[in-house]
Amino acid sequence: MSLLSNDLLAGMNPPQREAVEYRGPALLIVAGAGSGKTRVLTHRIAGLIQNREAWPSQILAITFTNKAAAEMRERVEQLIGQASRGMWISTFHSACVRILRSEAERFGFTKSFTIYDSGDSKALIKRLVKQHEADSYGLTVSSVMGRISKLKNELADAESFARQANMSDPVERVFLEIFGSYQREMRRANAFDFDDLIAQTVFLFRAFPEVADTYRRRFRHILVDEYQDTNHAQYALIHELTRPIEDRIPAHEQSPAMLLPVMDAASLTVVGDSDQSIYAFRGADIRNISEFERDFPGAKVVLLEQNYRSTQNILSAANAVIGNNFDRKDKKLWTDVGDGEPIIGFTGYSQHDEAQFIADEIDALRAKGVAYSEMAVFYRTNSQTRALEEIFIRSAVPYKIMGGTKFYERAEIKDALAYLVAVANPADTMAVRRILNRPRRGIGAVTETTIQGIADRADITFRDALRDPAALGLGPKLSGAIAQLDALLDEATALMIPPGGEVPPASSVADGLSLLLNKSGYLDALRASRDPQDEARVENLEEFVVVAKDFARTTPDGTLIDFLTDVALVAAADEIDDSSGVVSLMTLHTAKGLEFDTVFVTGVEEELIPHRISANEPGGPAEERRLFYVGITRARQRLYLTLAMTRAQFGEVSAAMPSRFLQEIPVGLIDWRQTPGDVNSRGGTRSRALNSRGGSGGSGGYGGSGGRAGSGSRTGESWGIRPLPEGASANLGAPRRTGEFPNRITAKVRDNGDLTLEPGDRIRHDDFGEGRVDAVTGEGAKRVAHVRFDTAGTKKLLIKIAPIAKI
DNA sequence: AAACATGGCCTTTTT
DNA sequence: GGCCATGTTT
């Protein structure tokens with residue numbers, strides 16, 4: 001007899017039911033991709049509330065993105081209605097901001113602290129690196145930033161680092177100085193960076209056990225999604241929250257009976273899949289999930305393996321790929337919906353070719369009735385968007401890039417935000433300094449340093465130094481400009497943060513923003529500019545004002561600080577608007593947790609996925625494989641795997657090789673429209689690239705040959721690959737040497753290896769005939785031969801892949 | 001102080 | 001091929 005009403009368990013398979021119904025201190029749900037874990041989580045929460053086992057306010061659910069949080073809240077509300085109000089469903093970062101805002105005053109911050117995004121942190125570290133002349137010790141801004149972030153994720157601060165660092169190494173000393181100054185500056189600015197939000201909350205709980213207790217009493221059921229991607233600080237936070245509450249009554253008042261714990265630990269449910277762990281670079285520690293049973297003795301483990309998302313063909317490919325990671329618990333996704341369509345493979349000659357194929361397929365699918373919003377294009381690196389965008393614009397494919405160059409990273413938006421921060425948190429000197437000369441007020445670096453010096457000597461903030469321009473000893477023009485800025489900031493403050501604790505109207509953020517942008521002359525300066533880009537900047541700012549107005553509508557009691565917090569914590573995946581009829585473009589990382597009918601995974605090449613840089617990192621290649629696996633398993637109906645034979649990077653063309661991961665997919669599963677082998681042995685499709693050199697049939701590019709167009713679908717057999725042997729699809733657990741694998745894509749790729757050519761050499765080209773090498777330039781995959789052909793003129797050829805031989 | 005020119009360096013992924 | 005830092009000119 002079930003504990004829960006039937007409608008919460010209807011249509012669930014046995015392990016899903018168990019995951020919803022189990023009650024105990026700790027539960028680990030190992031949820032394969034598409035196995036219905038969100039459903040399980042929401043039904044579990046709904047069950048707790050419906051059964052009166054918990055009040056909504058006793059539930060804390062942590063998700064990976066704000067969007068996932070909103071979705072989860074909505075689904076719980078659908079199940080049990082308004083009874084769900086009072087739950088905390090949010091990301092780690094949002095939850096911590098909420099806690100820190102109420103407790104900040106205990107440890108030297110105020111409620112109106114601001115949040116530094118990575119750009120802000122970078123700017124501050126850049127200044128400190130310069131100040132400490134750290135570059136002469138080989139310290140770069142990004143290395144310092146990465147190290148500080150890593151240390152904070154491990155809950156180290158400058159003091160604990162100092163205790164274990166090797167102080168005889170001058171580089172370590174300089175790093176420590178910068179780390180220490182960084183912390184001090186952040187504190188002075190009343191600001192936290194992303195990593196602080198988690199780490200400082202942990203420190204707060206450890207320093208003030210009675211504060212921790214109030215949250216422990218409150219949250220009786222804690223649920224964490226995507227547990228495989230938690231880092232140590234997040235793990236510690238969960239540990240702090242799930243400790244039993246001990247008696248803290250002073251000793252002299254204690255009776256012996258009161259020494260016992262007064263309240264059990266909260267119950268903890270975590271959901272994750274180690275095969276989808278893709279954030280090790282950000283400090284995610286896979287051991288958090290793999291050692292969960294050790295950390296929480298007596299924990300129950302439930303495995304969800306049945307997949308409700310994808311076709312069997314897609315799952316077989318995914319299983320085959322991930323099976324090559326050796327140190328994992330074996331787990332196989334399966335479905336009962338049938339094989340579905342084959343996976344489609346395509347190799348373009350260039351990244352533009354690849355993009356054109358995708359655009360054409362999107363067109364064809366659209367004509368067949370597939371909505372744009374059900375199609376997504378994934379890539380490994382953000383730089384790959386360039387070619388896709390060019391071709392999509394030309395082909396009139398509507399698209400949206402999720403999280404690329406983010407709206408909030410644009411200079412004009414950061415400026416507008418700095419104005420708001422200067423009002424909300426005047427201690428944030430970085431923000432005040434940023435707006436000091438924006439728009440141009442004739443205040444340069446020298447004046448800025450003067451003001452900072454005066455502020456330091458008087459021991460006041462930079463903002464307060466602006467209040468008395470006369471005392472700065474500047475000329476009348478500068479003093480006037482500063483007085484004007486000072487008055488404007490005061491006026492905006494009165495509007496957005498009325499004195500006497502009066503609650504400002506919801507519209508005050510948008511009004512204040514408009515006031516600042518107009519009265520500062522910022523918008524006027526842009527409108528007067530002759531730089532054509534400034535027109536777009538004005539539009540962006542207008543859009544930002546609309547964002548502020550929307551905020552007033554959706555969050556009627558939201559303050560300026562709430563607005564800034566929202567803006568600071570938006571994630572790439574949060575932007576996705578399901579109703580919009582456009583194709584979504586995003587990185588493989590951003591794709592995690594999402595699903596689409598049709599998925600294009602692009603740039604499936606060595607050096608890109610697995611990324612070149614990952615090769616030397618411990619666990620790097622395995623993480624890349626998981627990333628590829630995440631991409632594949634996003635697809636419901638149709639999966640495309642595409643790549644290019646040549647790819648331009650840093651303005652230089654180089655030869656690309658098919659990714660090793662392609663070979664891990666059984667050959668029978670992929671229907672190649674154009675194999676890597678087709679492209680240069682037969683000429684492939686004509687290069688339709690924007691930048692393709694003229695000449696006959698697109699053959700003029702690097703290494704290209706005849707202008708014959710590719711001839712549509714081919715079966716594996718027609719290009720000499722034997723069909724998959726009996727039983728081969730099932731034996732993918734053990735790693736094999738790539739050469740033995742049936743899907744020998746790379747064997748079909750022309751690879752001249754280290755063919756060395758020198759000026760003066762004679763060569764023969766499959767299409768251009770014989771010629772003489774004039775010069776050789778470039779390195780490695782980018783080696784280019786400049787060849788003067790006897791009849792075909794001069795051509796530049798990529799030596800690695802061009803159909804040539806030395807005579 | 002601002003506008004313009006040149007050269008190095010780069011890109012892995014993000015809350 | 002583009003961004004950013006630095007140097008040069010007005």
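Note on naming: letters A, B, ... go to the chains in the order of the sequence lines (proteins, then strands), and numbering restarts at 1 for each one.
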Worksheet entry | Separation of atom CZ in A:R127 from atom C1' in C:dA5, rounded to whole Å | 18 Å

Worksheet entry | Nearest-nucleotide pick for A:N437, side chain only, options being B:dT11, B:dT15, B:dA2 | B:dA2

Worksheet item: Which part of the nucleic acid does A:T587 contact within heavy-atom distance under 4.0 Å: base, sugar-phosphate only, or nothing?
Response: sugar-phosphate

Worksheet item: When you look at A:E226 and A:Q228, which way does the side-chain hydrogen bond (donor to acceptor under 3.5 Å, both in side chains) test go after all the steps?
Response: CA-CA 5 Å; A:E226 307 283 11; A:Q228 76 282 355; 2.9 Å; yes

Discussion item. Side chain of A:R282, heavy atoms from C-beta onward: which of B:dA1, B:dT15, C:dT6 has the nearest atom to it?
Written reply: B:dT15

Practice prompt. Starting at atom CE of A:M145, determine the distance to atom P of B:dT13, rounded to an integer number of angstrom.
Written response: 12 Å

Discussion item. Using heavy-atom distances to pick each residue's nearest nucleotide on DNA chain B, tell me which of A:L627 and A:R441 is more 5'.
Written reply: A:R441

Fill in: Verdict with reasoning, A:Q351 to A:Y379, per side-chain hydrogen bond (donor to acceptor under 3.5 Å, both in side chains)
CA-CA 12 Å; A:Q351 69 265 44; A:Y379 37 84; over 6 Å; no

Item to complete: Using a heavy-atom cut-off of under 4.0 Å over every strand shown, decide if A:E617 touches base, sugar-phosphate, or nothing.
Response: base

Worksheet entry | Atom pair distance, as rounded to whole Å: CD in A:E226 and P in B:dT14 | 15 Å

Item to complete: Rounded off to whole Å, could you give me the CZ-to-P distance for the A:F650 and C:dC4 pair?
Response: 15 Å

Item to complete: Looking only at non-hydrogen atoms, find the nearest pair between A:E606 and A:R660 and report the distance.
Response: OE2-N, 2.6 Å

Fill in: B:dT13 base / A:T381 side chain donor-acceptor hit below 3.5 Å
no

Item to complete: Can you tell me the distance, in whole Å, between the OH atom of A:Y379 and the P atom of B:dT13?
Response: 10 Å

Worksheet item: Which nucleotide sits closest to the side chain of A:S118: B:dT15, B:dA2, B:dT14?
Response: B:dT15

Item to complete: Could you tell me whether A:D117 contacts a base, only the sugar-phosphate backbone, or nothing, with contacts defined as non-hydrogen atoms closer than 4.0 Å?
Response: nothing

Worksheet entry | Length of the CZ-C1' vector between A:R647 and B:dT11, whole Å | 13 Å

Worksheet item: B:dT14 phosphate, OP1 or OP2: any side-chain N/O from A:T590 under 4.0 angstrom?
Response: yes

Item to complete: Describe the nucleic acid contact of A:R440 in one word from base, sugar-phosphate, nothing, applying a heavy-atom distance below 4.0 Å.
Response: sugar-phosphate

Worksheet item: Within this structure, what is the CG-to-P distance between A:D193 and B:dT14, rounded to whole angstrom?
Response: 18 Å

Item to complete: Select one nucleotide: of B:dA1, B:dT14, B:dT15, the one nearest the side-chain heavy atoms of A:V446.
Response: B:dA1

Worksheet item: Within the structure shown, what part of the strands sits under 4.0 Å from A:Y279 by heavy-atom distance: base, sugar-phosphate, or nothing?
Response: sugar-phosphate

Worksheet item: Contact class for A:K477 (heavy atom, under 4.0 Å): base, sugar-phosphate, or nothing?
Response: nothing

Worksheet item: How far, in whole Å, is B:dT13 from C:dC4 if one measures between their P atoms?
Response: 15 Å

Worksheet item: In terms of side-chain heavy atoms of A:R386, which of C:dC4, B:dT15, C:dG2 is nearest?
Response: C:dG2

Practice prompt. Counting heavy atoms from C-beta on, name the nucleotide in B:dT15, C:dA5, B:dT13 closest to the side chain of A:N382.
Written response: B:dT13

Response to the item:
Between A:L478 and A:E624, whichever has its closest DNA chain B nucleotide further toward 5' is A:L478

Discussion item. Any side-chain N or O of A:K126 below 4.0 angstrom from OP1/OP2 of C:dA5?
Written reply: yes

Discussion item. Is it the case that the side chain of A:H132 and the backbone of A:A134 share a donor-acceptor pair, with hydrogens and angles ignored and the cut-off at 3.5 Å?
Written reply: no

Item to complete: Answer yes or no as to whether B:dT12 has its base stacked against A:F281, where stacking requires a ring-centre separation under 5.5 angstrom and planes under 30 degrees apart.
Response: no

Worksheet item: Out of C:dC4, B:dT15, B:dT14, which nucleotide sits closest to the side chain of A:H93?
Response: B:dT15

Practice prompt. For the residue pair A:T449 and A:Q452, confirm or rule out a side-chain donor-acceptor distance under 3.5 Å.
Written response: no

Practice prompt. Answer yes if the side chains of A:Y629 and A:N325 hold a donor-acceptor pair under 3.5 Å, and no otherwise.
Written response: no

Item to complete: Step by step, work out the side-chain contact (heavy atoms from CB on, under 4.5 Å) result for A:F628 and A:R380.
Response: CA-CA 9 Å; A:F628 186 59; A:R380 177 66 180 83; over 6 Å; no

Item to complete: Could you check whether A:S614 gets within reach of a base, just the sugar-phosphate, or nothing at all, counting any heavy atom under 4.0 Å?
Response: nothing

Worksheet item: Can you tell me how far C1' of B:dT14 sits from OH of A:Y408, to the nearest Å?
Response: 17 Å

